[in-house]
Amino acid sequence: MTLIPFDDRDGFIWMDGQMLPWREAKVHVLTHGLHYASSVFEGERAYNGQVFKLAEHSQRLIRSAGLLGFALPYDRATLDQATDAVLQANGVRDGYVRPVAWRGSEVMGVSARQSRIHVAIACWAWPSYFDADARMAGLRLTVSKWRRPAPETAPTQSKAAGLYMISTLSKHAAEEEGWDDALMLDHRGQVAEASAANIFLVIDGALHTPTPECFLDGITRQTVIELARGMGLSVTERAIDPGEFAQASEVFLTGTAAEVTPVRQIGDWHFTPGAVCQQVIAAYDRAVGK
């Protein structure tokens, strides 16, 4: 597969209040966010030219920055307007949107309170990879050796760049062994999530999902819970022991990129994506305007 580098593309990126040609949106090598992970971001999906749950994403970006100890120089309304402008400038109707905020290059050291806060928003075309039928084949996951940290050891409710180092390590290790993704446990050994998506189990026709104490409470996760309850499905958020996968008939992941994607295997546990997965996929597709 030929990769198109993200630093050498046509288009426009909104950066620090200006719409810049794509290749001119640059940062210095001594940027604090690169060295000390003082960076937060969002992953958003545009359907038919509109970002799904845009206000929620923009507000979470602001909240994530606050949890890392810095304030964005733009309010939610400005971020929303800039996002719409980026989509329009790039002519993207079905795609992925990446807002990111970081500490700049004014200070190089652990303490960097005087550094400038930068914000950028980029987007690119990203249609759905699978239709509902193709998605039903399901993913294969292994169990990662890396675990989600305890909430008192990291800002786990922030979509902070540094927390995704564990995700990359887990995903790479899984792919090297022939798996699609990795299941991550938390610091107690209980089920947390996949490398970058939340997880749901179907047990006796009801949905069960881990309580988001040490990982991000995804916007797609929240949407699916609301949709499922609206469909009359029982949804329970609780601590889940890995052994409970033996009781699950269906398992699926949720996330901006994953949308709703069934799982057919986690280690030695096997599942058959079925009626519940189909119902949730259909409900989510309707909600996003597919």
At their closest point, which heavy atom of Ile219 faces which heavy atom of Glu42, and how far apart are they? CD1-OE1, 4.5 Å
Could you tell me which residues satisfy side-chain contact (heavy atoms from CB on, under 4.5 Å) with Ala101, sequence neighbours excluded, listed by chain and number? Val40, Phe70, Leu72, Val119
Ignoring hydrogens and geometry, is there a side-chain-to-backbone donor-acceptor pair from Gln190 to Ala239 under 3.5 Å? no
Report the residues that fulfil side-chain contact (heavy atoms from CB on, under 4.5 Å) with Ser115, sequence neighbours left out, ordered by chain and then residue number. Arg103, Glu106, Ala112
Any salt bridge (Lys or Arg N to Asp or Glu O under 4.0 Å) pairs touching residues 199-213, not counting sequence neighbours? Arg188-Glu213
Check salt bridge (Lys or Arg N to Asp or Glu O under 4.0 Å) between Glu44 and all other residues, then give those that pass, not counting sequence neighbours. none
Whether Phe200 and Phe252 hold their rings parallel, tilted or perpendicular, with breakpoints at 30° and 60°: parallel
If the plane angle is over 60° it's perpendicular, under 30° parallel, otherwise tilted; pick one for Trp102 and His118. parallel
Verify the neighbour count for atom CE of Met165: are there more than 12 heavy atoms of other residues, nucleotides or ligands below 6.0 Å? no
Can you list the residues that meet the salt bridge (Lys or Arg N to Asp or Glu O under 4.0 Å) rule with Glu193, with sequence neighbours excluded? Arg148
Please enumerate all residues that pass salt bridge (Lys or Arg N to Asp or Glu O under 4.0 Å) together with Glu237, with sequence neighbours excluded. Arg221
side-chain hydrogen bond (donor to acceptor under 3.5 Å, both in side chains) partners of residues 80-89, not counting sequence neighbours, each pair once: Ser58-Asp80, Arg76-Asp80
Counting N and O atoms only, with roles assigned by atom type, does the side chain of Ser64 sit under 3.5 Å from a partner on the main chain of Lys159, one being a donor and the other an acceptor? yes
Looking at Val280, is its backbone amide N or carbonyl O close enough to the side chain of Gln278 to form a donor-acceptor pair, meaning the two atoms are under 3.5 Å apart? no
Would you say Gln114 has more than 12 foreign heavy atoms packed within less than 6.0 Å of its CD? no
Run the ring-ring contact (aromatic ring centres under 6.0 Å, His included) test against His32 and tell me which residues pass, sequence neighbours left out. Tyr36
Working to the nearest 0.5 Å, report the span between OG1 of Thr142 and CG of Asp180. 11.0 Å
Would you confirm whether Thr209, through its side chain, and Ile199, through its main-chain N or O, come within 3.5 Å as a donor-acceptor pair? yes
With Arg238 via side chain to side chain donor-acceptor pair (under 3.5 Å) - residues at least two apart: His208, Glu244
Okay, side chain of Arg93, backbone of Asn48: is any donor-acceptor separation there less than 3.5 Å? yes
Not counting sequence neighbours, which residues clear ring-ring contact (aromatic ring centres under 6.0 Å, His included) with Phe215? List them please. none
Side-chain polar contacts of residues 18-25 - donor-acceptor pairs under 3.5 angstrom, sequence neighbours left out - could you list them?
residue : atom : partner : partner atom : Å
Trp22   : NE1  : Phe6    : O            : 2.7
Arg23   : NE   : Asp8    : OD1          : 2.6
Arg23   : NH1  : Arg9    : O            : 3.1
Arg23   : NH1  : Asp10   : OD1          : 3.0
Arg23   : NH2  : Asp8    : OD1          : 3.3
Arg23   : NH2  : Asp10   : OD1          : 3.2

Can you list everything that forms a salt bridge (Lys or Arg N to Asp or Glu O under 4.0 Å) with Glu226? Sequence neighbours excluded, please. none
